[in-house]
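Note sheet for the following structure.
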Amino acid sequence: MIALFIGGFVLWNRKQRNNDRDFSFEYLLLVGLVPCITLTDTEHFLLALPLVTYLVHRSLHAADQRWLLAFTVPLLFAYGGNWEDALGPLSDRSVQIGALGIGTFGIAILCSVLWIRSNRIPSTVS
């Protein structure tokens with residue numbers, strides 16, 4: 001389902017805009033979602049770190065921060081919820097429910113929404 005969703009997004013994005021400027025974002029999105037579609041350990045979720053950086057940057061510099069922070073903070077908590085030294089037994093529960101994968105997928109969706117909203121006007125090449 002995740003692969004179909006992201007593949008559909010990439011195809012829709014190509015059809016709507018038809019520019020090559022989105023390739024870098026699409027590449028980072030696909031690389032960041034690799035741990036969500038494969039059985040892997042927690043270190044491989046670092047592949048989504050460029051998406052986390054993009055999300056944090058957009059959250060701090062957005063004009064409409066309230067709705068964005070309301071989604072970003074819980075997603076980042078789910079993404080980093082496996083911090084046993086700080087969270088104690090809550091860390092084990094977050095591992096059992098798959099919060100890391102859910103947080104990574106949510107970050108990918110939120111980054112996609114932000115990317116679509118920020119790049120509505122297609123750029124022209126001279």
Side-chain angles (χ1 to χ4, degrees):
M1 293 293 289
I2 293 172
L4 289 174
F5 171 76
I6 297 303
F9 168 74
V10 168
L11 291 175
W12 174 82
N13 195 24
R14 291 280 172 186
K15 186 177 179 182
Q16 291 291 96
R17 296 204 184 108
N18 196 17
N19 63 8
D20 293 328
R21 189 173 58 104
D22 297 334
F23 176 76
S24 60
F25 176 76
E26 292 167 352
Y27 176 77
L28 291 175
L29 184 67
L30 291 174
V31 167
L33 284 173
V34 165
C36 289
I37 59 175
T38 60
L39 184 60
T40 184
D41 56 354
T42 57
E43 286 82 15
H44 288 101
F45 281 90
L46 289 174
L47 293 172
L49 208 53
L51 296 176
V52 171
T53 305
Y54 177 75
L55 184 60
V56 169
H57 174 72
R58 290 296 307 262
S59 298
L60 295 177
H61 299 291
D64 50 350
Q65 282 184 338
R66 291 183 185 174
W67 76 269
L68 188 55
L69 285 176
F71 285 105
T72 301
V73 171
L75 287 175
L76 290 178
F77 183 75
Y79 180 77
N82 191 12
W83 192 12
E84 191 172 347
D85 293 339
L87 300 175
L90 183 61
S91 174
D92 291 334
R93 289 188 182 159
S94 70
V95 169
Q96 290 174 356
I97 63 171
L100 181 59
I102 294 168
T104 304
F105 187 63
I107 287 170
I109 290 176
L110 190 55
C111 286
S112 300
V113 168
L114 292 173
W115 183 261
I116 290 170
R117 288 186 63 188
S118 68
N119 297 314
R120 290 187 181 171
I121 301 171
S123 63
T124 57
V125 177
S126 58

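Taken together through direct or relayed side-chain contacts under 4.5 Å among Ile, Leu, Val, Met, Phe, Trp and Tyr, Val31 and Leu4 form parts of separate hydrophobic clusters. In the hydrophobic cluster analysis, where Ile, Leu, Val, Met, Phe, Trp and Tyr join through side-chain heavy atoms closer than 4.5 angstrom, Leu51 is grouped together with Leu60. In the hydrophobic clustering of ILVMFWY residues, with side-chain heavy atoms under 4.5 Å counting as a link, Leu29 and Trp115 come out together.
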| task | Test side-chain contact (heavy atoms from CB on, under 4.5 Å) on Leu114 and Tyr54 and set out the steps. | result | CA-CA 9 Å; Leu114 292 173; Tyr54 177 75; 4.3 Å; yes
| request: Determine, stepwise, if the pair Leu49 / Val52 fulfils side-chain contact (heavy atoms from CB on, under 4.5 Å). | output: CA-CA 5 Å; Leu49 208 53; Val52 171; 4.2 Å; yes
Show me the side-chain donor-acceptor pairs of residues 104-113 shorter than 3.5 Å, one per line, residues at least two apart or across chains.
| unit_1 | atom_1 | unit_2 | atom_2 | d |
| --- | --- | --- | --- | --- |
| Thr104 | OG1 | Leu100 | O | 2.8 |
| Ser112 | OG | Ala108 | O | 2.8 |

Can I get a per-line list of side-chain donor-acceptor pairs under 3.5 Å for residues 71-78, giving both atom names and the distance, sequence neighbours left out?
| unit_1 | atom_1 | unit_2 | atom_2 | d |
| --- | --- | --- | --- | --- |
| Thr72 | OG1 | Ser59 | OG | 3.1 |
| Thr72 | OG1 | Leu68 | O | 2.7 |

